[in-house]
Amino acid sequence: EAPIHSVVTRVAATLGPGPHMDFNAFYGAVEANADAHDVKLSAKRRKLLIDHLCTRDEAAEAVVLRRCKAEIEYEPDPDLRDTENVPLKEDVEVYFEREVKPYAPDAWIDHDKAVTGYEISFTRYFYKPQELRPLAEIRADIIALERETEGLLDQILNLGAE
């Protein structure tokens, strides 16, 4: 039996089978049990626990990734990740407070992934629509093509009969 599996089994026996609405408390119990039984909990094993034992629930407590002095960093939910196109001359923080915060109060900006650039619509600036041909001209072309192909199907079918 894998060491992490035995830790989770012992914790489930102590806390009950779940579901537990606070992953932080559950993981605290897992850490305590792992320490007591000399099992190393790597970041990979933590991710394994989150991926296989957790389901997303709006009513559950937020999952803490790490605590740094007075600041708490939460585990991001990739399903909720989104991007915004902020006008170049507008302050990102002001835009965020006005356009994002009212609709997603727990949202935050990942400044490491912020990109500054331009979006140029080549179609908008360089496309010049061509004048459509008159309907009479299109109709004449279709009739000419029908005359040209008249009898071709018969010729093709008769060649296959030979």
Side-chain angles (χ1 to χ4, degrees), residues 1-135 137-139 141-142:
E1 185 174 23
I4 190 68
H5 183 267
S6 58
V7 169
V8 171
T9 304
R10 286 190 298 268
V11 169
T14 306
L15 296 179
H20 302 284
M21 298 305 279
D22 188 350
F23 179 80
N24 307 311
F26 172 77
Y27 194 70
V30 168
E31 284 179 319
N33 192 291
D35 287 344
H37 293 91
D38 295 324
V39 175
K40 185 176 183 220
L41 288 178
S42 61
K44 185 177 180 180
R45 286 184 170 167
R46 176 187 165 87
K47 178 146 177 49
L48 187 75
L49 286 174
I50 290 174
D51 289 347
H52 293 285
L53 295 180
C54 296
T55 56
R56 190 167 167 263
D57 190 333
E58 294 292 330
E61 294 293 319
V63 177
V64 175
L65 183 62
R66 65 179 69 95
R67 296 176 193 273
C68 302
K69 295 183 183 175
E71 196 172 301
I72 298 173
E73 188 176 337
Y74 294 100
E75 184 80 36
D77 185 348
D79 293 339
L80 299 177
R81 190 169 288 149
D82 199 6
T83 59
E84 288 283 330
N85 290 329
V86 180
L88 189 63
K89 293 182 180 181
E90 189 163 356
D91 181 63
V92 173
E93 299 293 335
V94 172
Y95 178 89
F96 180 76
E97 289 297 324
R98 184 184 73 241
E99 300 291 334
V100 178
K101 273 295 198 184
Y103 308 103
D106 57 347
W108 74 91
I109 300 172
D110 187 351
H111 291 285
D112 294 337
K113 294 183 181 177
V115 177
T116 302
Y118 293 94
E119 181 179 349
I120 300 172
S121 172
F122 286 96
T123 303
R124 179 176 176 191
Y125 295 107
F126 300 109
Y127 177 72
K128 293 186 178 39
Q130 294 181 345
E131 186 77 25
L132 297 176
R133 298 187 317 162
L135 188 57
E137 188 179 315
I138 295 170
R139 184 185 320 235
D141 284 349
I142 291 172

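Worth saying up front: this structure is predicted, and the values here are computed from it rather than measured.
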In residues 103-116, what donor-acceptor pairs under 3.5 Å come from side-chain atoms, sequence neighbours left out?
unit_1 : atom_1 : unit_2 : atom_2 : d
D110   : OD1    : D112   : N      : 3.2
H111   : NE2    : E93    : OE2    : 3.2

Query - Under the ring pair (Phe, Tyr, Trp, His ring centres under 6.0 Å) test, residues paired with Y118 that sit two or more places apart - result: none
Report summary line: salt bridge (charged side-chain N to carboxylate O under 4.0 Å, His left out) pairs touching residues 119-134, sequence neighbours excluded, are R133-E137, R133-D141
Query - Taking every non-hydrogen atom, the tightest pair across L88 and G117 - result: CD1-O, 4.4 Å
Query raised in the report: Of all residues at least two apart in sequence or in a different chain, which pass the side-chain contact (heavy atoms from CB on, under 4.5 Å) check with L80?
Result: R56, D77
Query raised in the report: Do any pairs count as a side chain to side chain donor-acceptor pair (under 3.5 Å) and have a residue in residues 22-33, sequence neighbours left out, and if so which ones?
Result: R10-N33, D22-N24, N33-H37
Query raised in the report: Is the number of heavy atoms from other residues, nucleotides or ligands within 6.0 Å of CG (N85) greater than 12?
Result: no
**Report entry** Partner set under side-chain contact (heavy atoms from CB on, under 4.5 Å) for T123, not counting sequence neighbours
**Finding:** S121, Y127
Report summary line: Taken in chain and number order and not counting sequence neighbours, the residues that satisfy side-chain contact (heavy atoms from CB on, under 4.5 Å) with L15 are V11, H20, F26, A29
Query raised in the report: K101: what forms a side chain to side chain donor-acceptor pair (under 3.5 Å) with it, not counting sequence neighbours?
Result: none
Report summary line: Sequence neighbours excluded, the answer for side-chain contact (heavy atoms from CB on, under 4.5 Å) partners of P87 is E90, Y95
